[in-house]
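Below is one structure, written out as structure tokens; the observations come after it.
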Amino acid sequence: MPELPDLSGYTDYIVTGAKYLLPLLALWVLARCLRSMLRERYEPETWAYLVDLNGERHPVWHWECIVGRSGSCDVVLSAPSVSRVHASLQRDGGGYWTVSDLRSKGGTFVNGGEAGLLCPVRDGDVLDFAGEELVFQEVTRAEREWLERRRTAPGRFVGPGVTLLILTLFQAFLTLEFTVTAQEQYLFQICLAFLALIVLEWFCYLVMRSVRRTGFEPETIAFFLSTLGTAVAASSTPDDMFRQVLFLVLGVALFFFLGWWLRDLRRVKAVRWLAALGAMGFLAVTVVLGEVRGGSGSWLRFGSFTIQPSELVKVLYIYTGAATLDRLFARRNLFVFIVFSAICVCALALMGDFGTALVFFATFLVIAFMRSGSFATVFLAVGGAAMAGFLVLSVKPYVAQRFMTWGHAWEDVWDSGYQQTHAMSAAAQGGLFGRGAGEGGLVNITAADTDMVFAVLSEELGLIIAALAMFAVIALALFTVRNAARGRSTFYVIAGCAAVSMMMVQMGLNIFGSLDILPFTGVTFPFVSKGGTSMIACWMLLAYIKATDTRRDASFVVSRDPKTPEDAYDEADYEPGEDAGEPGKEGGA
């Protein structure tokens, strides 16, 4: 093993300097990412127009949009004969349009013929919504690129390379701190792990630049959180750093694979039911063969490796639930999804994994509401879950004990409240700037590096960095919700919102559970908690978040549309006139 420099005489200076410098660098990274993700103002993409008899053009901003009288519809028609939710207009990845009637009272017609489900629509067709006639006008490739240039100008991102350089400095100082606090026999593994992390993030950045994608903020935030996760692993299990890096590399590789897969929505829909069967298969095997750890039988062992299949099921569950709009209002389809969700949650309850079951249920509520738009469906699901919760508490004393301890952790500090009281004490001892990386004692408590990782961060790196880790996940949520109104496809929007909802619920249960504000459920903190399967799942969930980003040249998940034959002329000669006015303005058909 190579000889590392002797820094024993500078230990106090290095630890003290890093303690105050690390929060500043972390804040700088997060601030730059937020500024780039949230500052840009731009209009949604325009794909077509519906032109009424008066020449007014209603822009179609999504690949799936709702036409109706309700103010929540994408295209609002005020005629009283039009139903509140009348029809859906959809575009697939190949550029083909269809219209589907959504059980409207007055019916939907295309060129005089009645439209049922997925009726083809072409440029110039007349669509009749209960007597309200509109001409469908598809935006040509050249016009759409002209609108795109007006929609947002390139180069408005806050230099992602500079932000990544600041993150690299953060990682370098964190590594330097470990060189003076870690045990000598583990120094090489720890330094090599952080070096591999730095190389991996710069490799990903260069890959994105090579495909002319300039938006790297979600990945930067994920690498920042993964850095904190590497620090937690270096403190708790320094002899296992190689495995930590291996799972991180695998997670990033699957992030790129899933992002590439999501580029083709027809391909996504084709294997939707296969994903559902895979999820149920994972859960069935775990119920039968699962190894019990910490009261939960949600682990499978393969030699020296253990995996938690429920983490991978999260990815498949969102994949299955985020159906495209032609199925959103089909009651049978929604019923099947409810049954699928119930099977997943019941399987997790049988394993005793109450925390993950709660995360799945919260995600179900998000998907169910976004697919149906019905509060009644959500309230019915909550009522059913409440009854199921009481049943679980009555048959699973392990879960019931955690609820009994909730709010009373200090009454039994050596038994039921042992983990939480130590977590709260450790977090308080860390103060704002922490005791130093690798200097904490909480990592010696069972499951501290997974279920109580927020307290570990607070003790070693300080409350400021622990809070910034929390705000990093919130930043991803704000970014996704902001993109929802501009999303190209409802699949991307629902999948992205479900993914950040899952992360937010996990984070909340991890933080507030370890601090006795909520029942201690034993779920992981996204990207930060130690665990290979959890790390892989979080990076795959990030692909859903990346898919919601429709900023110009920002996301590799959103593909550039191929030229069609009618757009093969030289676009440099295209000069739009009055008929190609701004979205929402009047113009000729």
Side-chain angles (χ1 to χ4, degrees), residues 1-2 4-5 7 14-15 17-19 21-33 36 158-182 186-210 213-256 436-438 457 460-461 465 468-469 472 526-530 532 535-536 538-539 542 546:
M1 186 173 64
L4 294 173
L7 300 174
I14 292 174
V15 172
K19 281 171 58 176
L21 189 58
L22 288 176
L24 293 176
L25 292 172
L27 180 60
W28 196 0
V29 168
L30 190 57
R32 287 180 63 88
C33 289
S36 185
V158 177
V162 176
T163 307
L164 197 59
L165 179 60
I166 299 169
L167 177 60
T168 303
L169 289 175
F170 175 86
Q171 294 162 335
F173 279 104
L174 188 58
T175 307
L176 183 62
E177 190 172 2
F178 271 110
T179 61
V180 299
T181 60
Y186 300 127
L187 285 181
F188 181 71
Q189 295 96 310
I190 293 174
C191 292
L192 188 61
F194 278 103
L195 178 61
L197 175 60
I198 293 172
V199 171
L200 177 63
E201 66 194 20
W202 279 101
F203 173 77
C204 294
Y205 172 72
L206 293 176
V207 168
M208 296 290 285
R209 296 294 294 181
S210 69
R213 293 298 189 265
T214 53
F216 200 68
E217 302 85 4
E219 293 94 327
T220 302
I221 288 178
F223 276 118
F224 166 69
L225 292 171
S226 298
T227 301
L228 299 180
T230 304
V232 170
S235 297
S236 59
T237 54
D239 56 339
D240 203 22
M241 296 303 295
F242 174 77
R243 185 177 299 185
Q244 178 76 10
V245 172
L246 179 63
F247 281 119
L248 177 59
V249 172
L250 183 58
V252 173
L254 289 175
F255 160 72
F256 278 105
L457 288 178
E460 297 195 359
L461 301 180
I465 288 183
L468 289 175
F527 296 101
V528 181
S529 290
K530 184 178 178 295
M535 178 69 73
I536 292 172
C538 287
W539 274 98
L542 188 70
K546 191 73 174 176

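Count residues from 1 along the sequence.
Of the inter-residue distances, the one linking Tyr186 atom OH with Ser235 atom OG reads 12.5 Å to the nearest 0.5 angstrom. Here the OH-CG distance, from Tyr205 to Leu165, works out to 10.0 Å after rounding to the nearest 0.5 Å. Remark: Leu21 CG to Leu169 CG distance equals 8.5 Å, nearest 0.5 Å. Phe194 contributes atom CZ, which lies 11.5 Å from atom CG of Leu176 (distance to the nearest 0.5 angstrom). Rounding to the nearest 0.5 angstrom, the gap separating the CG atom in Leu197 from the CG atom in Leu192 is 11.5 Å.
Among all heavy-atom pairs drawn from Leu461 and Ala437, the shortest one is CD2-CB, 4.0 Å. Closest approach of Pro238 and Met241 over heavy atoms only: O-CG, 3.1 Å. In plain terms, the two heavy atoms of Glu201 and Leu164 that are nearest each other are O-CD2, 3.9 Å. Between Pro526 and Cys538, the closest heavy-atom pair is CA-SG, 3.6 Å. In this structure, Ala196 and Val245 approach most closely via the heavy-atom pair CB-CG1, 3.8 Å. Listed here is the closest heavy atom pair of Thr181 and Gly438: OG1-CA, 4.3 Å.
When side chains are defined from C-beta on, Ile221 does not count as touching Glu217, because their heavy atoms never get closer than 4.5 Å. Between Leu22 and Glu177, the closest side-chain pair of non-hydrogen atoms falls below 4.5 Å. Using a 4.5 Å heavy-atom cutoff, the side chains of Thr163 and Phe216 are not in contact. Contact annotation: the side chain of Cys191 never approaches that of Phe178 to less than 4.5 Å [non-hydrogen atoms, C-beta and beyond]. At a threshold of 4.5 Å between non-hydrogen side-chain atoms, the residues Phe170 and Leu228 count as touching. Under the 4.5 Å side-chain criterion, counting only non-hydrogen atoms from C-beta, Val252 is in contact with Cys204. Within the 4.5 Å cutoff, the side chain of Arg209 has heavy atoms near those of the Thr214 side chain.
Ring centers of Trp539 and Phe223: under 6.0 Å apart, within the cut-off.
Residues meeting the side-chain contact (heavy atoms from CB on, under 4.5 Å) test with Gln244, sequence neighbours left out: Ala233, Lys530, Met535. Not counting sequence neighbours, the partners of Glu219 by the side-chain hydrogen bond (donor to acceptor under 3.5 Å, both in side chains) test are Lys546. Residues satisfying the side-chain contact (heavy atoms from CB on, under 4.5 Å) test with Trp28, not counting sequence neighbours, are Leu25, Arg32, Ile166.
Counting only distance, with no hydrogens or angles, the side chain of Gln189 and the backbone of Asp239 share no donor-acceptor pair below 3.5 Å.
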> Should Leu30 and Phe224 be marked as a side chain to side chain contact (heavy atoms under 4.5 Å, CB included) after you check the CA-CA gap, both sets of side-chain angles, and the distance that decides it?
Replying inline: CA-CA 9 Å; Leu30 190 57; Phe224 166 69; 5.7 Å; no
> For Ile198 and Leu167, what are the C-alpha separation, side-chain angles and deciding distance, and is it a side chain to side chain contact (heavy atoms under 4.5 Å, CB included)?
Replying inline: CA-CA 9 Å; Ile198 293 172; Leu167 177 60; over 6 Å; no
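When Leu174, Thr168, Val29 are each tested for a side chain to side chain contact (heavy atoms under 4.5 Å, CB included) with Thr227, only one passes: Leu174.
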